[in-house]
Amino acid sequence: MKLPRTTLILILLALGLGGFVYFYEIQGATQREEIKEKNQQIFSFGEDDVQSLTVKTKNITLSLERNTQSSNPKWSLKSPTSGPANDAIVSYLMDLLVKGKSDKTLSIPANQRGEFALDKPQATINITLKNQQNHQLILGKPDFSDRFLYAQADPAAKPDGNIDVLLVSTDFANAVNRELSEWRQPVDNSQKLPPLNIPLPTPTKSN
């Protein structure tokens, strides 16, 4: 049976529309979600890729380097003092740097950095990878909801003169705003102090 030309055209259009809906809505949605997830990631390096860190806050600037001589501890303090670092504290920061995501990205003129406290940040984290690549994260002030921090990752002006401002977790502020003593490896006093040998009093003879 030969179908009328108009009916055949309508069938072909329906098939074409169905194919478009399938690829755009189903497969395209998956691809768009992958792109969205990729865009939300702050950095793309892994923890083992990092060789050293420099953390600068308003109160202190410290340098950390991966310990190549021993796996315990993994990190060493290089300045302002030297010695084993607190692996738990450094790992907390590293986890944020490696897995941290941006909730939203704003594009603003570079001369408006001060409105987000990015010109005088609360902290700047410089990261050096084993392949000598460098990355930087600048932490500004909290947003209006106090749920996120304004931040810049690898700051650079775009061709239009604007810069990207990220919204990142306030956990970053908790991770870096610490006293120097917190960055040091805890001292196990039980192994350093010798046992106390207190002589017992000598009993006196009664008359």
Side-chain angles (χ1 to χ4, degrees), residues 28-29 31-66 75 77-81 85 89-183:
Q31 294 174 354
R32 289 194 298 274
E33 187 63 28
E34 290 175 352
I35 294 172
K36 179 182 177 182
E37 287 295 322
K38 185 177 180 180
N39 289 341
Q40 287 181 334
Q41 196 80 24
I42 299 175
F43 296 113
S44 59
F45 55 77
E47 181 176 350
D48 291 338
D49 297 327
V50 180
Q51 178 60 36
S52 63
L53 295 170
T54 300
V55 180
K56 182 179 181 180
T57 67
K58 294 180 179 179
N59 299 321
I60 192 174
T61 299
L62 58 89
S63 297
L64 295 153
E65 191 170 302
R66 186 177 294 276
W75 293 89
L77 270 169
K78 294 300 180 181
S79 68
T81 185
I89 297 297
V90 181
S91 293
Y92 178 53
L93 174 58
M94 283 297 307
D95 193 63
L96 290 171
L97 291 171
V98 171
K99 299 178 183 178
K101 295 182 179 181
S102 171
D103 186 71
K104 185 182 295 185
T105 301
L106 311 173
S107 182
I108 65 166
N111 58 11
Q112 293 182 8
R113 292 175 71 242
E115 298 180 18
F116 302 87
L118 294 168
D119 58 338
K120 297 178 181 179
Q122 62 171 298
T124 301
I125 306 168
N126 292 302
I127 305 125
T128 300
L129 305 184
K130 292 178 180 178
N131 61 7
Q132 299 306 305
Q133 287 186 2
N134 296 304
H135 296 276
Q136 186 180 67
L137 183 66
I138 300 174
L139 302 177
K141 68 180 183 180
D143 74 336
F144 67 93
S145 69
D146 277 336
R147 294 176 52 234
F148 301 99
L149 296 177
Y150 294 115
Q152 275 187 284
D154 294 335
K158 297 185 292 186
D160 59 4
N162 287 354
I163 60 173
D164 285 338
V165 176
L166 314 178
L167 285 177
V168 302
S169 170
T170 55
D171 289 342
F172 277 101
N174 300 329
V176 298
N177 289 314
R178 299 179 180 275
E179 299 293 332
L180 177 59
S181 58
E182 295 182 76
W183 292 100

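Proximity of a side-chain donor or acceptor of Glu182 to a complementary backbone N or O of Glu179 within less than 3.5 Å is detected. In this structure, Gln152 contributes its side chain and Gly140 its backbone to no donor-acceptor pair below 3.5 Å. A donor-acceptor pair is defined here as one N or O able to donate and one able to accept, closer than 3.5 Å; such a pair exists between the side chain of Arg66 and the backbone of Val50. Side-chain atoms of Asp95 do not come within 3.5 Å of backbone N or O of Tyr92 as any donor-acceptor pair. Side-chain atoms of Asp164 do not come within 3.5 Å of backbone N or O of Ser107 as any donor-acceptor pair. Here the side chain of Ser102 pairs a donor or acceptor atom with the backbone of Lys104 at under 3.5 angstrom.
Between Glu65 and Trp75, the shortest heavy-atom distance links the atoms C-CE3, 3.3 Å. Among all heavy-atom pairs drawn from Ile138 and Pro121, the shortest one is CG2-CB, 3.5 Å. A pairwise comparison of heavy atoms in Ile60 and Arg178 identifies CG2-O, 4.3 Å as the closest pair.
Residues Lys58 and Lys120 fail the side-chain proximity criterion, which asks for heavy atoms closer than 4.5 Å. Side-chain contact between Ile127 and Gln136 is absent, with no heavy atoms from C-beta onward closer than 4.5 Å. Contact annotation: the side chain of Ile125 approaches that of Leu93 to within less than 4.5 Å [non-hydrogen atoms, C-beta and beyond]. You'll find the side chain of Gln122 stays beyond 4.5 Å of the side chain of Thr57, heavy atoms only. When side chains are defined from C-beta on, Leu180 counts as touching Pro80, because their heavy atoms get closer than 4.5 Å. Ile163 has its side chain out of reach of Pro155: every pair of non-hydrogen atoms, C-beta onward, lies at least 4.5 Å apart.
From Ser169, atom OG reaches atom NZ of Lys101 across 13.0 Å, with rounding to the nearest 0.5 Å. Between Thr124 atom OG1 and Leu118 atom CG the span is 9.5 Å, to the nearest 0.5 Å. How far OG1 of Thr54 is from CG of Leu64: 8.0 Å, rounded to the nearest 0.5 Å. Note that OG1 of Thr128 is 8.0 Å distant from CG of Leu53, once rounded to the nearest 0.5 Å. The CD1 atom of Ile42 sits 9.5 Å away from the OG1 atom of Thr105 when rounded to the nearest 0.5 Å. Considering CG of Leu166 and CG of Leu137, their distance stands at 7.5 Å, rounded to 0.5 Å.
Note on residues 156-175: no pairs pass ring pair (Phe, Tyr, Trp, His ring centres under 6.0 Å), not counting sequence neighbours. The ring pair (Phe, Tyr, Trp, His ring centres under 6.0 Å) contacts involving residues 110-142 comprise Phe43-His135, Phe45-His135, Phe116-Tyr150, where partners must be two or more places apart or lie in separate chains.
Counting non-hydrogen atoms of other residues, nucleotides and ligands closer than 6.0 Å to NZ of Lys130 gives a total above 12.
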Applying side chain to side chain contact (heavy atoms under 4.5 Å, CB included), run through Leu139 and Val168 and close with a yes or a no. CA-CA 9 Å; Leu139 302 177; Val168 302; 4.2 Å; yes
Determine whether Asp143 and Leu149 satisfy the following criterion, side chain to side chain contact (heavy atoms under 4.5 Å, CB included), listing intermediate values before the conclusion. CA-CA 6 Å; Asp143 74 336; Leu149 296 177; over 6 Å; no
Tell me, with the steps shown, if Lys141 and Asp146 meet side chain to side chain contact (heavy atoms under 4.5 Å, CB included). CA-CA 9 Å; Lys141 68 180 183 180; Asp146 277 336; over 6 Å; no
